[in-house]
Amino acid sequence: MELRLSDPVSEVRGVGPRYLKYLNRLGIKTVKDLLWHFPFRYEDFSKIKKIKDLQPNETCSIIATIDKINVYRSLRKRMPIINAKAFDDTGTINIIWFNQLYLMKNIPPGTTLSLSGKIKAQGKKLILSSPAYEIISRQKLDEDFFEDLKHTGRLVPIYPETEGLSSRAFRYLIKPLLDSSLNLSEYLPDFLLKKYQLSSLETALKQIHFPSSLALSQKAKTRFIFESLLFSQLYLLKIKRKVSLLAYPKIKLDIEFLKSFVKSLPFSLTEAQRKSLWEITKNLTERLMNRLLEGEVGSGKTVIALAASLLALNSQYQVAFLAPTEILARQHFEKFKSFTKNYRVKIALLTSSEARIYDQGLEGKISKRALNTIINSYLPIIVIGTHALIQKNIHFNRLGLVIVDEQHRFGVEQRKKLLSPNAVTKEVPHLLSLTATPIPRTLALVFYGDMDLSILDELPQERKKVITKVVPPKDKEKVYQFIRAEVKKGRQVFVICPRIEENEISPLTFSAKNLISLAEKINYEVKAVKKEYKKLSEDIFPDLKVNMLHGKMKSQEKEKIMREFQENKINILVSTSVVEVGIDIPNATVMVIEGAEHFGLAQLHQFRGRVGRFKYQSYCFLFAESSSKTIYSRLESLVKYNDGFKLAEIDLSLRGPGEFLGTKQSGIPDLLMNSLLNKEMIEKVHQVAKDLLVEDYYLKKWPLFSATFKDFIKENRKG
Ligand code: ADP
Ligand code: MG
C-alpha cells in the first residue's frame, strides 16, 4: 500500500509502540513529520577501500567477512570487549567493540559486513575500533548494493540527539520509508522549480537524508529552505493585506501642523527622524498602520511617537502609549508634557500606583475612576501607562492609535486586547511599535513581514562617542580607580552582571525539568548580583553609595531604587541585564559589564547606549571572564563600531541566528533559522511571494501548493 505524507507515523514499517512513544514525544505524529526530521550533519564514510590499502588515521569503509569473534572482559571494569578478525580478498584486519555483547550473537563467523570508521595503528598492525557496521547478505552484493546501505559506506546522516531514538534508529526507519512506494506528489509549482533550479520533492527528501554527495544534500536543503521561507512570507503578506483592508481611524494629513510642531522642538530632527515621521504620517492617513519603528537607544523614537499622537488627537482620536515599566511611563509623560507646552493637549499617566492628568499646562493627581470616565468619553487624550492600561475596567471609546514601547515585553494577548475593533465604528486602532533592537532588514522581513518598517539609523548629532574598552581581569583594579574618580566628579555608574545563556531552554523541549532549571538560573543571576554588590559595597567602594536591582525584587522596590538613581542618591547601581531599557540617566558616565562574553554585541551596544546621553564624556568597560582570543576579538567589534545595525550583522554572522535571537523566537524550524544568514535568498523569496499573490491571491492555480500552505499555517499560526 502506498503511504501518504498525512498518514500516522505508526503506519511506517519498523515503528512499534516503543518508538511511537518516543516519536510522539518529539512531536512526530505523521509520515511527513518523520521525513521532515532532517539530519544536522553527515558522517563521511563514502570512501570504500580494500583491506590491503588501508592507511592509519583515515576514515573509510570496508566490506569484510567475520572470520573469528570472541569476547573477554576488561580487568578492572569487567566490561565486555568484543574482539573480531575479518577478511576480504586482499587481507585481514582486527576489530574491537566495547560493551556490545549482543554482537556475539548478531555477527557470527561468516557474516559479511560493511564496516565504517577510523583506522588506527596498533603497533605494526591496523585496527578498526568501534566501527559502525551493517550486515549484508552475499546475494545482495550486486550493483545496487551501495544504494541500500544506511549506516556505513556512504554519507551517513546524523540526527539531533534524542531520548530513545538514536541516529541509527532514524536511519532504520527513514531509509526503507524513502525506498518504499510513497506518495510524494510535488506541491511546489513547476515554474518555480525550473526558474530557481530547485530539487523536486522526492529528490530533495532522498538527498537530504541519504545524500549521494554533499553538494546534492546542500541543494536539497536549499529547496526546503526556499519552501519554508516562501510559506512564511506568503503567510505574513496575507496578514499584511488583511490588515490593510480593515476599517481604520481616519487621521487627517495636516502638514502645516506637523511643520509647526517640529519647529517648536528644542532641537531639529535628524534626517532619519524626518523620513520615519513622513512614512508614519502617510501611513496613518492612508490605511491601517501596523508598523515597527526601529532605532537604537537614543535615536529619538519618543518624539516621533509624540508627533504621531498629536496627529491622532487633532483628528479627535485617543492615544494609548504602553510602556514596559512605571519609570519609563513617567519619563515619557514628562517628555510629552515638555514638548507640548505650546499646544492644548490632554495627557494622562496611568500606572498601578497612580493616575495623573495634565491639561493646558496644569497637572494633578486624579482618581483612577475619574480618569477612566474621561477615557470612556470621546475626549481626545493621550494616556501613557503600564500594564494598568490594559486592565479590564479601562475602556477607550475612541482609540485611534496604540503605541507600544519595546514591543516584546507585551504578550500577544495584551496587544490584541488594545487592538480589537471599536464596537460601534468597527475601526481598528493604528499600531506603532517602538523597538531598540536593531534587527537587520532581512530578519525583520522574516519575523515581522506583516509589519511595515521605519528605521532610525542615525543618532542626533551632539551625542559623544562612548569610549569603549575590553578589560582583561588583571586590569580591573585600574577601572575601579577610574570609577572612583568619576564618582568624585559627581558622575554615576552602572554595573551589569552576567546572565546565563537562556537559549539552552527551548520551548520545543519544554518540560518540568526545564522550568526548574529556569528558576535556578534566575536564582543564579540574583546571586551574582548580590555577590557583586557585596564585593563593591564592602570591599572596593565602602565609602560610596552602592545599590542593586534584580528580578526577585518587588516592582515597587525596583521603582524606588531607579528613582533614587535618577535623583543621584546612588553612585553605583549593580543590576542584572534586565535593567529597564530606555531609562534616561544623563548623569551616568560609566557602564561596566561583567562577563561581557555572555551577551550578544547588539545587546552590549544597547547597554552602552545608557551612558553618553549628556555632555559628559562617557565610558564602557567590558569585563571578560575568559581570555580566549575569539571572545576578545568579538568584543573588540564594540570598540571599533558604534552602529547598532552593523553590530547586529556582525553578531548574526559570528554567532548564528539561533544565538542571535535567543529563545524568544524559538519554535522556528532549524532550517528556517539557517536561512536567516542568506540575505539574497530572503529577498528573492520575498519577491516570489509577492508575485505569486499578485498572480493569484488565493493560490487556486496551484491546488497542491495551496493545500500544503494551509497545513503550514495550521502548524505555525502566530500567537
Ligand atoms: P529612544 O529612541 O531611545 O527612545 P529618546 O526618544 O528617549 O530615544 O531620545 C533620547 C534623547 O534625545 C531624548 O532626551 C530626546 O529628547 C532627545 N532627542 C530626540 N531627538 C533629538 C534630536 N533630533 N536632536 C537632539 N536630541 C534629540
Ligand atoms: Mg525610548
Side-chain angles (χ1 to χ4, degrees), residues 240 243-244 248-249 251-315 319 321 332 335-336 339-340 400-407 430-463 582 602 605-606 609 613 641-649 679 682-683 686-687 690:
K240 191 165 178 178
V243 166
S244 75
Y248 63 95
I251 290 176
K252 283 194 295 286
L253 178 64
D254 189 344
I255 295 186
E256 284 315 305
F257 169 79
L258 273 180
K259 276 189 183 159
S260 81
F261 169 70
V262 169
K263 234 185 183 164
S264 76
L265 292 170
F267 42 74
S268 53
L269 293 185
T270 63
E271 255 328 292
Q273 280 174 316
R274 279 174 204 282
K275 181 160 175 269
S276 296
L277 180 53
W278 178 240
E279 288 163 359
I280 290 167
T281 305
K282 265 187 65 102
N283 192 161
L284 283 174
T285 55
E286 286 172 357
R287 66 199 153 88
L288 182 58
M289 181 160 78
N290 182 26
R291 182 175 292 271
L292 197 58
L293 176 58
E294 233 187 285
E296 62 180 273
V297 176
S299 58
K301 296 181 288 291
T302 321
V303 68
I304 302 302
L306 172 57
S309 306
L310 294 177
L311 282 177
L313 286 193
N314 283 352
S315 294
V319 178
F321 189 161
H332 290 323
K335 271 270 148 67
F336 273 32
F339 287 158
T340 56
L401 170 64
V402 174
I403 300 166
V404 182
D405 198 2
E406 294 304 334
Q407 64 158 10
H430 296 286
L431 172 68
L432 181 62
S433 253
L434 314 182
T435 175
T437 313
I439 313 159
R441 196 189 111 82
T442 41
L443 279 202
L445 272 183
V446 176
F447 291 107
Y448 305 107
D450 56 332
M451 300 183 89
D452 289 301
L453 197 59
S454 289
I455 296 183
L456 297 179
D457 51 6
E458 178 186 7
L459 289 177
Q461 260 162 14
E462 61 262 44
R463 197 151 299 135
H605 180 66
Q606 271 194 53
R613 310 192 87 179
Y641 299 106
N642 203 25
D643 169 352
F645 283 94
K646 175 85 195 162
L647 287 166
E649 297 265 7
K679 277 196 209 174
I682 293 174
E683 300 278 355
H686 179 69
Q687 194 54 47
K690 272 183 161 168

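Between Thr285 atom OG1 and Leu311 atom CG the span is 8.5 Å, to the nearest 0.5 Å. Taking CG from Asn283 and OG from Ser454, the interatomic distance works out to 8.0 Å, rounded to the nearest 0.5 Å. Atom NE2 in His686 sits 5.0 Å away from atom CG in Leu445 (nearest 0.5 Å). With rounding to the nearest 0.5 Å, the separation of CG in Leu434 from CD1 in Ile304 is 10.0 Å. Distance CG/Leu310 to CZ/Phe261: 5.0 Å, rounded to 0.5 Å. Rounding to the nearest 0.5 Å gives a distance of 11.0 Å between OG of Ser299 and CD1 of Ile455.
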Exercise for the section: Quick one: do Ser433 and Tyr448 satisfy side-chain contact (heavy atoms from CB on, under 4.5 Å)? Show the steps, please. Expected result: CA-CA 11 Å; Ser433 253; Tyr448 305 107; over 6 Å; no

Exercise for the section: Quick one: do His332 and Asp405 satisfy side-chain contact (heavy atoms from CB on, under 4.5 Å)? Show the steps, please. Expected result: CA-CA 10 Å; His332 290 323; Asp405 198 2; 2.7 Å; yes

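Between the side chain of Tyr248 and the main chain of Glu286, a donor-acceptor pair closer than 3.5 Å is present. Of the possible polar contacts, one joining the Lys301 side chain to the Gly295 backbone as a donor-acceptor pair under 3.5 Å is found. Formation of a donor-acceptor pair under 3.5 Å by the Asp643 side chain with backbone atoms of Leu647 is not found in this model. At least one donor-acceptor pair closer than 3.5 Å links the side chain of Gln273 to the backbone N or O of Gly300.
Using a 4.5 Å cut-off on side-chain heavy atoms (C-beta onward), Thr270 and Leu459 make no contact. Within the 4.5 Å cutoff, the side chain of Leu293 has no heavy atoms near those of the Ile403 side chain. The shortest distance between side-chain heavy atoms of Ser264 and Phe339 does not fall below 4.5 Å. Inter-residue side-chain proximity for Leu258 and Trp278 is flagged as unmet; no heavy-atom pair is nearer than 4.5 Å. Between His430 and Ile280 there is no side-chain heavy-atom pair separated by less than 4.5 Å. Between Ser268 and Arg274, the closest side-chain pair of non-hydrogen atoms falls below 4.5 Å. Counting heavy atoms from C-beta outward, Leu453 and Glu279 have side chains that stay 4.5 Å or more apart. At least one side-chain heavy atom of Leu277 sits under 4.5 Å from a side-chain heavy atom of Val262.
Of all heavy-atom pairs spanning Met289 and Leu432, the tightest one is CE-CB, 3.8 Å. Across all non-hydrogen atoms, the minimal contact from Lys240 to Met451 is NZ-O, 4.1 Å.
Between Asp452 and Lys282 no salt bridge is recorded (no basic side-chain N to carboxylate O distance below 4.0 Å). With respect to Lys275 and Glu458, no salt bridge is recorded, no charged nitrogen being found less than 4.0 Å from a carboxylate O.
For Glu294, there are no side-chain hydrogen bond (donor to acceptor under 3.5 Å, both in side chains) partners at least two apart in sequence or on another chain.
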